[in-house]
Colleague: 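Quick one: the structure is below, and I'll ask about it shortly.
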There are 2 protein chains.
Amino acid sequence: MSQPPWQPIAPAKPARPAKEPLTRDRIVDAAMRVLTQSGYEAVSMRKIASELGTGPASLYAHVANKRELDQLLVERTAEQMVFDDPIDPDRWQEQLKATMREMLRAMRANPGVARAAIGAVPVGERALRTTERILTLLKAGNVPDQAAAWAVDLIPLYVTAVAFEETVQSASDWTPEDVERFVNNLRTYFEGLPADRFPLTVALANQLTSGADGDARFEFGLTVITAGLAALAPTPLTPTPNPNP
Amino acid sequence: MSQPPWQPIAPAKPARPAKEPLTRDRIVDAAMRVLTQSGYEAVSMRKIASELGTGPASLYAHVANKRELDQLLVERTAEQMVFDDPIDPDRWQEQLKATMREMLRAMRANPGVARAAIGAVPVGERALRTTERILTLLKAGNVPDQAAAWAVDLIPLYVTAVAFEETVQSASDWTPEDVERFVNNLRTYFEGLPADRFPLTVALANQLTSGADGDARFEFGLTVITAGLAALAPTPLTPTPNPNP
DNA sequence: ACCTGAACACCGTTCAAGT
DNA sequence: ACCTGAACACCGTTCAAGT
């Protein structure tokens with residue numbers, strides 16, 4: 001109506017600009033998309049940039065470098081972990097295992113992130129809830145302070161290493177048949193070793209090559225670590241009958 | 001004397017050719033040199049080639065690809081592990097720890113190899129001695145077959161993950177002062193967290209950030225894993241007084 | 001302040017051509 | 001059979017120039 005005739009047809013101030021402005025969040029979103037779709041190897045500054053319709057140089061206004069971006073991907077994953085089971089001191093071992101299972105679940109949901117996580121401790125507020133939860137469970141189990149603190153390192157180390165091992169297999173464009181063939185070859189190889197020098201490797205060829213697919217190996221690690229931590233408590237079995245002497 | 005005059009001055013068949021022929025071994029030697037001097041990131045087909053005075057394409061006649069070369073570096077490292085302590089069933093836990101320490105020692109002696117090792121199980125004959133040794137020690141400890149077999153996976157997983165964590169720090173051109181400053185910042189950060197939501201993280205800030213430098217953390221893991229494995233034995237404590245009933 | 005094109009110094013791998 | 005130069009399709013990061 002009162003539009004002056006020299007006003008261009010396109011509105012001078014569109015509701016939103018044609019291009020969303022670049023933000024840290026949008027960069028991490030794009031990186032996460034590339035990560036879960038194509039794995040860690042595919043996450044490059046250039047790919048993320050082209051995903052966002054810009055050049056790689058543009059990212060450096062918001063992210064210091066690739067290492068920082070890796071760190072942000074790990075934080076994102078840590079934020080996806082859900083721990084709503086209220087802590088019950090009597091079930092601390094089972095709850096610790098459940099916590100580790102949830103950590104693995106979140107890493108599996110973001111295939112490839114384990115590679116970025118293996119050297120990076122997440123220190124974001126959301127991620128620290130995992131630390132606090134692990135500490136609470138270990139204190140419930142009467143594990144000494146220093147042991148509990150180091151366990152906070154050991155536990156994610158194990159979970160991350162397992163998740164990483166899994167992605168190495170799947171990243172190398174192997175089909176499930178390829179994996180099965182490889183495992184069979186490995187078993188045959190173990191069985192054919194000189195029995196005088198490798199008696200147990202030959203005898204246990206079956207056990208050595210079993211459980212590569214499912215969760216059995218992971219569960220085994222949970223059991224070993226939990227039992228090992230429980231053994232560190234000064235009084236691992238007595239149920240503290242009376243707090244007053 | 002009887003040399004025909006048209007014979008060129010340079011001998012037609014020199015004792016050895018000016019260039020040593022390329023072999024798998026020479027390639028791995030060069031890769032190992034680059035690895036220990038400049039870390040895993042620096043190990044590239046091109047760098048190795050130029051180290052050998054040739055182009056990258058030449059390597060592919062002897063090595064399938066970079067993954068295979070990584071595997072070969074891991075084998076080399078496994079070959080450097082020395083286990084000459086004869087197995088003593090009564091000391092199986094201490095000997096298992098010593099075995100893991102020797103594994104870590106060899107990985108530390110080849111900085112960066114952990115990165116290549118983390119997804120690659122060494123299956124060379126020399127490396128299988130480690131497997132056989134671990135199995136023997138666990139059988140001495142009365143650990144069930146399947147548990148022992150899975151432990152063969154768990155144990156190198158832990159050692160490799162620790163070694164890798166160490167190299168991530170040192171690879172990122174941090175001085176020891178940088179590391180100390182980082183650890184101090186981290187402790188201050190933990191101490192300053194809201195104590196109502198993170199009571200244990202605040203209270204254990206000191207313990208959480210201690211032992212980052214030395215072997216204490218690694219030793220902690222050895223203790224946890226060994227104790228956890230010992231707990232899997234059906235009769236972990238009874239010394240089998242009489243084999244006949 | 002934020003974004004960009006272009007450049008720098010790298011990668012792993014392939015392939016036709018040489019010896 | 002082994003080796004090579006050149007090329008292909010990529011990297012992370014920097015920087016001067018634009019808006």
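Letters go in sequence order (proteins before strands), and every chain restarts at 1.
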Colleague: List the residues meeting side-chain contact (heavy atoms from CB on, under 4.5 Å) with A:R187, not counting sequence neighbours, and say none if there are none.
Modeller: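 Partners of A:R187 by the side-chain contact (heavy atoms from CB on, under 4.5 Å) criterion, ordered by chain and then number, come out as A:N184, A:E191, A:A205, A:N206, A:T209.
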
Colleague: With a 4.0 Å cutoff (strictly under), does any side-chain N or O of B:S58 reach OP1 or OP2 of D:dT4?
Modeller: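 Checking D:dT4 against B:S58, a side-chain N or O does come within under 4.0 Å of OP1 or OP2.
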
Colleague: For D:dC15 versus C:dC3, give the span between their C1' atoms, rounded off to a whole number of Å.
Modeller: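 Each nucleotide's C1' atom is 13 Å from the other's.
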
Colleague: Could you pull out all residues at least two apart from B:R33 that satisfy side-chain contact (heavy atoms from CB on, under 4.5 Å)?
Modeller: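 In terms of side-chain contact (heavy atoms from CB on, under 4.5 Å), with neighbours along the sequence ignored, B:R33 is linked to B:D29, B:A30, B:Q37, B:E51.
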
Colleague: For DNA chain C, just give me the dot-bracket, please: Watson-Crick or G-U, both distances below 3.5 Å, ( ) intra-strand, [ ] crossing earlier pairs, | paired with another strand, . unpaired.
Modeller: ||.|||||...|||||.||

Colleague: A quick test of your reading: do over 12 heavy atoms of other residues, nucleotides or ligands sit less than 6.0 Å from NZ of A:K47?
Modeller: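 It does not: A:K47 NZ has 12 such atoms or fewer within range.
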
Colleague: Within the pair A:H62 and C:dC3, is there a side-chain N or O less than 4.0 Å away from OP1 or OP2?
Modeller: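 Yes, because at least one side-chain N or O of A:H62 sits under 4.0 Å from OP1 or OP2 of C:dC3.
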
Colleague: Using a 4.0 Å cut-off on protein heavy atoms (strictly under), produce a 5'-to-3' string for nucleotides 7-17 of chain C with B for base contact, S for backbone-only sugar-phosphate contact, and - for none.
Modeller: B---BBBBB--

Colleague: Return the set of residues passing ring-ring contact (aromatic ring centres under 6.0 Å, His included) with B:F220 (not counting sequence neighbours), or none when no residue passes.
Modeller: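 For B:F220 the ring-ring contact (aromatic ring centres under 6.0 Å, His included) partners, ignoring immediate neighbours, are A:W150.
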
Colleague: Residues in side-chain contact (heavy atoms from CB on, under 4.5 Å) with B:A116, at least two apart?
Modeller: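 Per chain and number, B:A116 pairs via side-chain contact (heavy atoms from CB on, under 4.5 Å) with B:Y40, B:D70, B:V74.
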
Colleague: Partners of A:F218 by ring-ring contact (aromatic ring centres under 6.0 Å, His included), sequence neighbours excluded?
Modeller: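 Per chain and number, A:F218 pairs via ring-ring contact (aromatic ring centres under 6.0 Å, His included) with A:Y158.
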
Colleague: In whole angstroms, how far is the P atom of D:dC2 from the CD1 atom of B:I27?
Modeller: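 Going from B:I27 (CD1) to D:dC2 (P), I get 11 Å.
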
Colleague: Check residues 97-106 of chain A and write down every donor-acceptor pair under 3.5 Å in which the side-chain atom is one partner and the other belongs to a residue at least two apart or another chain.
Modeller:
| residue | atom | partner | partner atom | Å |
| --- | --- | --- | --- | --- |
| A:T99 | OG1 | A:Q95 | O | 2.8 |
| A:T99 | OG1 | A:R133 | NE | 3.1 |
| A:R101 | NE | A:E219 | OE2 | 2.7 |
| A:R101 | NH1 | A:E94 | OE2 | 3.4 |
| A:R101 | NH2 | A:E219 | OE1 | 3.1 |
| A:E102 | OE1 | A:R105 | NE | 2.8 |
| A:E102 | OE2 | A:V82 | N | 2.8 |
| A:E102 | OE2 | A:R105 | NE | 3.4 |
| A:E102 | OE2 | A:R105 | NH2 | 2.8 |
| A:R105 | NH2 | A:Q80 | O | 3.2 |

Colleague: Please list, chain by chain and in numerical order, all residues satisfying side-chain contact (heavy atoms from CB on, under 4.5 Å) with B:V152, sequence neighbours excluded.
Modeller: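 A:L208, B:T131, B:I134, B:L135.
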
